[in-house]
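We name chains A, B, ... by the order of the sequence lines, and we start the count at 1 in each one. Small disclaimer: the values here were computed from a predicted structure and weren't measured.
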Amino acid sequence: MMGSETNSFGFSQELRLLSAKQFSFVFADANRIGNKAFTVLFRKNGQTHPRLGLAIAKKQVKLATGRNLIKRKIRESFRLNQHRLPAVDFVFMVRRDINHMDAKAIDDALAHVWRKTRKLCENY
RNA sequence: UUGGCUGGCUGGGCAGUCGCCGCUUACUUCGGUAGGGGGAGGAAAGUCCGGACUUCGCAGGGUAAAGUGCCAGGUAACGCCUGGGGAGCGAAAGCUCACGGCAAGUGCAGCAGAAAAUAUACCGCCGAUGGCGUUUGUGAAAACGGACGAACAGGUAAGGUUGAAAUGGUGCGGUAAGAGCGCACCGCGCUUAUGGCAACAUAAGUGGCAUGGUAAACCCCACUUGAAGUAAGACCAAAUAGGGAUCCUACAGGUGUGACCCGCACUGGAUCCGGGUAGGUUGCUUGAGCUUUGUGGCGACGCAAAGCCUAGAAGAAUGACUGUCCCAGACAGAAUCCGGCUUACAGGCCAGCCAAAUUU
RNA sequence: AGGGGUGUCGCCAAGCGGUAAGGCAACGGGUUUUGAUCCCGUCAUUCGUAGGUUCAAAUCCUGCCACCCCUG
């Protein structure tokens with residue numbers, strides 16, 4: 001069942017939010033999910049696939065290595081789960097508590113976000 | 001072997017699967033597909049210095065401002081590095097040092113202390129010399145002399161409890177008391193000689209102490225510096241607004257350069273046309289490059305030859321998962337590029353040196 | 001990425017080489033029947049931190065740390 005029409009688990013340009021306009025579109029009228037690690041905004045995009053945008057603030061995560069690590073984690077998880085997600089645009093923002101979390105806790109937080117999104121979108 | 005010092009290297013390895021960003025080759029229905037190959041650091045960091053590169057009117061003169069500060073060398077350049085000198089620390093190997101000038105000028109030093117920069121007043125010491133007082137000797141008297149006293153003139157800077165710092169130090173002589181007043185040694189200054197490119201060192205002579213401290217106080221001396229920064233800038237170009245180039249005239253005023261002055265450019269009129277915001281392309285990686293060998297130099301480093309191409313993004317790429325091995329992986333992520341400095345850093349490896357103990 | 005600035009008591013701050021002002025707040029006491037007001041007293045051994053210069057540093061110099069602002 002997974003990946004019935006597209007077998008690829010790639011992460012190309014179409015799956016990302018690229019311009020400021022696309023980000024503004026999400027911010028203008030967004031649904032909000034939160035947990036310990038993230039605040040996630042999402043909005044239906046009218047396409048056949050979901051898209052991902054990242055907004056990892058320097059204020060929340062000080063070190064560049066730390067920010068890179070978080071972005072990689074999110075992208076990786078999104079890449080592997082992309083075919084189970086509804087066609088919405090995501091914008092991920094981080095909370096300060098993420099500094100004290102290990103890799104496994106961040107994975108759990110991401111799984112929580114994907115589950116919650118699916119549930120909310122079924123109600124549309 | 002233990003402890004210490006110095007210099008350098010390294011910064012998890014291997015295999016598989018799924019992904020990301022350039023390059024290159026082939027195919028292509030021009031969307032892509034397949035193969036090959038590459039893809040963070042020693043600090044990529046702080047932005048503290050120095051350059052390259054680019055633009056501004058091409059940076060000329062003077063002032064101001066800022067920086068550097070023993071000497072010599074290295075370098076594209078430096079506030080960096082190397083070697084040397086001096087001072088300090090250490091038993092040693094070795095380490096540390098903003099290390100020009102207060103005998104050009106000005107300023108500053110609370111409290112305490114006699115006094116804080118002027119060698120003089122005060123306390124004190126002396127009172128030899130001169131005068132004064134008392135007493136006494138000689139003498140007829142004038143006068144002359146002796147002893148004692150006060151501290152009037154005067155001499156003196158030895159001593160004076162302080163302080164961060166007190167006007168060369170110690171000893172001997174000397175004296176009324178004292179004093180570089182004299183002498184010896186030490187310190188300091190000056191002169192000469194020798195060694196050294198020089199900083200400086202050594203020796204001899206000489207002065208009789210002059211030159212207290214503070215320039216990370218103003219300052220003086222020597223040397224250096226135009227400014228901004230790749231979001232610099234260049235090119236292609238929807239929109240919108242009116243400007244731009246060339247020639248001529250004027251030199252008053254205004255505007256412009258990192259601050260000011262000089263200097264310089266522009267502003268006026270006539271003639272002729274294209275302009276440049278969003279967005280895109282470029283700048284963008286071959287470079288004071290790396291490796292090896294030889295060679296000159298104590299060394300930093302230079303020279304020569306051969307070989308190599310080693311990230312270039314634009315929401316921003318190196319990761320995730322699984323297995324396995326070990327000592328269980330620190331600090332940390334390129335954004336124009338180099339040379340340094342500074343700061344962070346689990347551990348591991350190599351070389352040289354010093355000390356102690358032991359063994360041969 | 002580049003450029004600029006600020007750190008002094010719980011808060012707002014002055015001081016810029018010689019003993020760290022002041023206000024608010026807090027605490028203790030007085031006045032008052034009680035409260036408010038008012039009055040008196042207490043409150044900084046290391047001025048963000050580590051060194052250096054000086055006899056003496058919050059102040060001068062150097063290196064770090066934290067926070068804030070500007071350009072786009």
*All side-chain hydrogen bond (donor to acceptor under 3.5 Å, both in side chains) counterparts of Asn35(A), not counting sequence neighbours*: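 With neighbours one apart ignored, the set is His112(A).
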Expressed in whole Å, how much space separates the [atom1] atoms belonging to [N] and [M]?
| N | M | atom1 | result |
| --- | --- | --- | --- |
| A201(B) | G86(B) | C1' | 10 Å |
| G4(B) | G299(B) | P | 31 Å |
| C80(B) | U68(B) | P | 10 Å |
| C49(B) | U224(B) | C1' | 14 Å |
| A58(C) | A217(B) | P | 15 Å |
| G348(B) | G12(B) | C1' | 11 Å |
| C284(B) | C260(B) | P | 36 Å |
| A44(B) | G11(B) | C1' | 15 Å |

*Are any of Thr65(A)'s side-chain N or O atoms less than 4.0 Å away from OP1 or OP2 of G333(B)?*
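For G333(B), OP1/OP2 do have a side-chain N/O of Thr65(A) under 4.0 Å.
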_Contact nearer the 5' end of RNA chain B, comparing Asp107(A) with Gly66(A)_ =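 Looking at the nearest nucleotide for each, Asp107(A) comes out on the 5' side.
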*asked:* Closest-nucleotide mapping onto RNA chain B: is Leu63(A) or Ala55(A) further toward the 5' terminus? I mean the 5' end.
replied: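 Final value for this comparison: Ala55(A).
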Please name the nucleotide paired to [N] by Watson-Crick or G-U wobble geometry with both distances under 3.5 Å, or report none.
| N | answer |
| --- | --- |
| A356(B) | U1(B) |
| G159(B) | C123(B) |
| G302(B) | U295(B) |
| U336(B) | A52(B) |
| C188(B) | G207(B) |
| G173(B) | C181(B) |
| A150(B) | none |
| U322(B) | A15(B) |

*Would you verify whether the NZ or CZ of Arg43(A) falls within 45 degrees of the ring axis of Phe25(A) while also being under 6.0 Å from that six-membered ring's centre?*
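Yes - Arg43(A) lies over the ring of Phe25(A), closer than 6.0 Å to its centre and within 45° of its axis.
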For [N], does the O4'-C1'-N9-C4 or O4'-C1'-N1-C2 angle fall within 90° of 0, making it syn, or is it anti?
| N | result |
| --- | --- |
| G276(B) | anti |
| G31(B) | syn |
| G42(B) | syn |
| U246(B) | anti |
| U54(C) | syn |

Return the value, rounded to whole Å, for the distance between atom [atom1] of [X] and atom [atom2] of [N].
| X | N | atom1 | atom2 | value |
| --- | --- | --- | --- | --- |
| Arg67(A) | A335(B) | CZ | C1' | 14 Å |
| Asn68(A) | U318(B) | CG | P | 8 Å |
| Ile74(A) | G319(B) | CD1 | P | 17 Å |
| Lys73(A) | A320(B) | NZ | P | 7 Å |
| Lys71(A) | U318(B) | NZ | P | 10 Å |
| Arg75(A) | C20(B) | CZ | C1' | 8 Å |
| Leu15(A) | A317(B) | CG | C1' | 16 Å |
| Asn81(A) | C18(B) | CG | P | 18 Å |

Value rounded to 0.5 Å, distance of [atom1] in [X] from [atom2] in [Y]:
| X | Y | atom1 | atom2 | result |
| --- | --- | --- | --- | --- |
| Arg75(A) | Asn68(A) | CZ | CG | 8.0 Å |
| Ile74(A) | Leu52(A) | CD1 | CG | 7.0 Å |
| Asp89(A) | His49(A) | CG | NE2 | 9.0 Å |

_Minimum heavy-atom separation for Pro50(A) and Leu15(A), please, with both atom names._
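Taking every non-hydrogen atom into account, O-CD2, 3.4 Å.
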_Measuring centre to centre across the rings, with the benzene-like ring taken for any Trp, is Trp114(A) within less than 6.0 Å of Phe92(A)?_
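Yes - the distance between ring centres of Trp114(A) and Phe92(A) falls below the 6.0 Å cut-off.
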*Less than 3.5 Å between a donor and an acceptor, one on the side chain of Arg72(A) and one on the base of G19(B), is that the case here?*
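Result: no qualifying N/O pair found.
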*Under the 3.5 Å rule, do the base of C18(B) and the side chain of Arg79(A) count as making a donor-acceptor pair?*
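Such a pair exists between side chain and base.
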*Check every atom of A332(B), C20(B), A320(B) against the side chain of Arg16(A) and return the nucleotide holding the closest atom.*
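Among A332(B), C20(B), A320(B), the one nearest the side chain of Arg16(A) is C20(B).
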*Under the salt bridge (charged side-chain N to carboxylate O under 4.0 Å, His left out) test, which residues partner Lys73(A), sequence neighbours left out?*
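Checked Lys73(A) against salt bridge (charged side-chain N to carboxylate O under 4.0 Å, His left out); matches are Asp107(A).
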